[in-house]
Amino acid sequence: MAQWRAPKREQPRRLPAIRQSPVLIAHLFRLCCFAILLVVAHSAPAHTIIRDAELEAHLRALADPVLRAAELDSAGVRIFVLADRDINAFVAGGQQLFLNSGLIQRTESPEQLAAVIAHEIAHIAGGHLTRTARAAGGSMAQAVMGALLGAAAAVAGAPDLGAALILGGQTVAERRFLAYSRSQEQMADQAAIRYLERAGISPRGLLEFLHILNSQDR
């Protein structure tokens, strides 16, 4: 009598493991950092807001003529001073203008501070915040596409090719975003000069403050 044997169970097929590659891991880490930077760059940092009635009145006196020159509603634009020693100013959340205390302390004249404010107002008037968010999304999508193609190549057993695809996609995305950012800064400078002239404020303060930034970089 033939002995009964249980049928052999087929072992589940396993996908080929991604070969370990330090270069591939490094590029994936860099991609994650790039994604984080895109998010952080367009959100207001959690710094302490300085409330000082005299300082706020001084900033409003500088900003209001520029806002009228840019044909913006002065009441709709809020100005905040952050307790931060870095020389920086930015707009966030639509029509909110943030100035770091370090920037205010570094300016040498009211015209220089008005020029910085005019530059940020130009970003608001030009709708740059919304456009930058779209550009960041497009750049991130391009970087993710490169990462997916690179991961697929690595799974197929070509980690070096995968690393090259990830790096290539991210590099193109970074250059595209930085080029867009530089063009926006140039447009904001040009618009700031027009607003300052309409407001009767010398645009020389913008050039002087750019010299301060250059010396700070060095």
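Only heavy atoms go into these numbers, but all of them, side chains included; no hydrogens, no water, no symmetry mates.
- Between Ser101 and Ile50, the closest heavy-atom pair is CB-CD1, 4.0 Å.
- Note that NE2 of His211 and CG of Leu206 are 10.0 Å apart. Values are rounded to the nearest 0.5 Å.
- Hydrophobic clustering of Ile, Leu, Val, Met, Phe, Trp and Tyr side chains at less than 4.5 Å, counting indirect connections, unites Leu210 with Val116.
- A heavy-atom distance below 4.5 Å is not found between the side chains of Asn88 and Leu103.
- Screening residues 48-71 for ring-ring contact (aromatic ring centres under 6.0 Å, His included) gives no qualifying pairs among residues at least two apart or on separate chains.
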>> Working note: His123 + Met187, criterion side chain to side chain contact (heavy atoms under 4.5 Å, CB included); need CA distance, chi angles, decisive distance, verdict.
In response: CA-CA 9 Å; His123 282 308; Met187 288 189 293; over 6 Å; no
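- Of the candidates Leu99, Val77, Leu67, Ile117 forms a side chain to side chain contact (heavy atoms under 4.5 Å, CB included) with just one, namely Leu99.
- Pairs passing the salt bridge (charged side-chain N to carboxylate O under 4.0 Å, His left out) check and including a residue from residues 60-72, sequence neighbours excluded, read Arg60-Asp64.
- Annotation for Ala191 and Ala122: closest pair CB-CB, 3.7 Å, computed over non-hydrogen atoms.
- Transitive grouping of hydrophobic side chains (ILVMFWY, heavy atoms separated by less than 4.5 Å) brings Leu213 and Val91 into a common cluster.
- Put simply, the side chain of Asn100 never gets that close to the backbone of Gly102: no donor and acceptor are under 3.5 Å apart.
- Of all non-hydrogen atoms in Ala115 and Gly205, the two that sit nearest each other are CB-C, 3.8 Å.
- Closest non-hydrogen pair, Tyr195 versus Ala118, comes out as CD1-O, 4.3 Å.
- Closest of all the heavy-atom pairs between Glu111 and Ser202 is CB-O, 4.4 Å.
- Considering CD1 of Ile212 and CD of Glu108, their distance stands at 4.0 Å, rounded to 0.5 Å.
- The CD1 atom of Ile87 sits 12.0 Å away from atom CD1 of Ile104, with the distance rounded to the nearest 0.5 Å.
- We find the CD-CG distance between Gln112 and Leu207 to be 9.5 Å, quoted to the nearest 0.5 Å.
- We find the CZ-CZ distance between Arg51 and Phe80 to be 7.0 Å, quoted to the nearest 0.5 Å.
- Here the shortest heavy-atom pairing between Ile121 and Leu72 reads CG2-CD1, 3.9 Å.
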> When you look at Leu113 and Leu59, which way does the side chain to side chain contact (heavy atoms under 4.5 Å, CB included) test go after all the steps?
Replying inline: CA-CA 9 Å; Leu113 185 53; Leu59 294 176; 3.6 Å; yes
>> Show, in sequence, the C-alpha distance, side-chain angles and deciding distance for Asp73 and Gln95, and conclude whether the side chain to side chain contact (heavy atoms under 4.5 Å, CB included) test is met.
In response: CA-CA 10 Å; Asp73 182 13; Gln95 294 188 328; 6.0 Å; no
> Taking it one step at a time, do Thr48 and Leu82 satisfy side chain to side chain contact (heavy atoms under 4.5 Å, CB included)?
Replying inline: CA-CA 6 Å; Thr48 302; Leu82 300 178; over 6 Å; no
